[in-house]
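Okay, so here's the structure we're looking at.
Atoms considered below: every heavy atom in the structure, side chains included; atoms not considered: hydrogens, waters and symmetry mates. Just so you know, residue 1 is the first one in the sequence shown, and it goes up from there.
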Amino acid sequence: MCYGNQRSLSPDLLTSYGNRRSPVINALVVEDLRGRLAETEARLERARAREAELSRRLEEMKRFMSVMEILETYLKRRFREQQEQVQQLFRFHSANIGFSCR
């Protein structure tokens, strides 16, 4: 974001007439302030849009992480189940080999 491009009326122009500024000077000051307000409002709108986009992306990432955690839990459970099945097969196979050798 650029904050350095703010234009401003010169202090000499604002104080050249003391406390009694001419209507022309007042109009210039008002116009300058309106322009600066418009720039600030535009920056604020862009910041709000960026915040909304970041919030949307954050929620999307949270959903993704939730799905990944569910998959991780499922895959760990399936891995343990398959390990147990393999162990049972080895035990069964070992028991049958021991039984047939007698």
note = Contacts of E59 meeting salt bridge (Lys or Arg N to Asp or Glu O under 4.0 Å) (sequence neighbours excluded), chain-then-number -> K62

ask   = Distance from E84 atom CD to Q87 atom CD, nearest 0.5 Å?
value = 7.0 Å

task = Starting at CD1 of I70, measure out to CG of L75 and round the result to the nearest 0.5 Å.
result = 12.0 Å

query = V67: which other cluster members, linking ILVMFWY side chains closer than 4.5 Å, directly or transitively?
reply = F64, M65, M68, L71

message = According to side-chain hydrogen bond (donor to acceptor under 3.5 Å, both in side chains), does anything in residues 65-77 pair up with another residue at least two apart or in another chain? List the pairs.
response = R77-E81

message = Can you tell me how far apart OG (S55) and CZ (R50) are? Round to the nearest 0.5 Å.
response = 10.5 Å

inquiry  = Tell me whether R57 at atom CZ has more than 12 heavy atoms from other residues, nucleotides or ligands lying less than 6.0 Å away.
reply    = no

message = Just verifying a value: how many Å separate D32 CG and I25 CD1, rounded to the nearest 0.5 Å?
response = 11.5 Å

task = Go through the steps for E41 and E45 under the test side-chain contact (heavy atoms from CB on, under 4.5 Å), then give the verdict.
result = CA-CA 6 Å; E41 287 173 343; E45 186 61 33; over 6 Å; no

key: Separation of L44 CG from E51 CD (nearest 0.5 Å)   = 9.5 Å

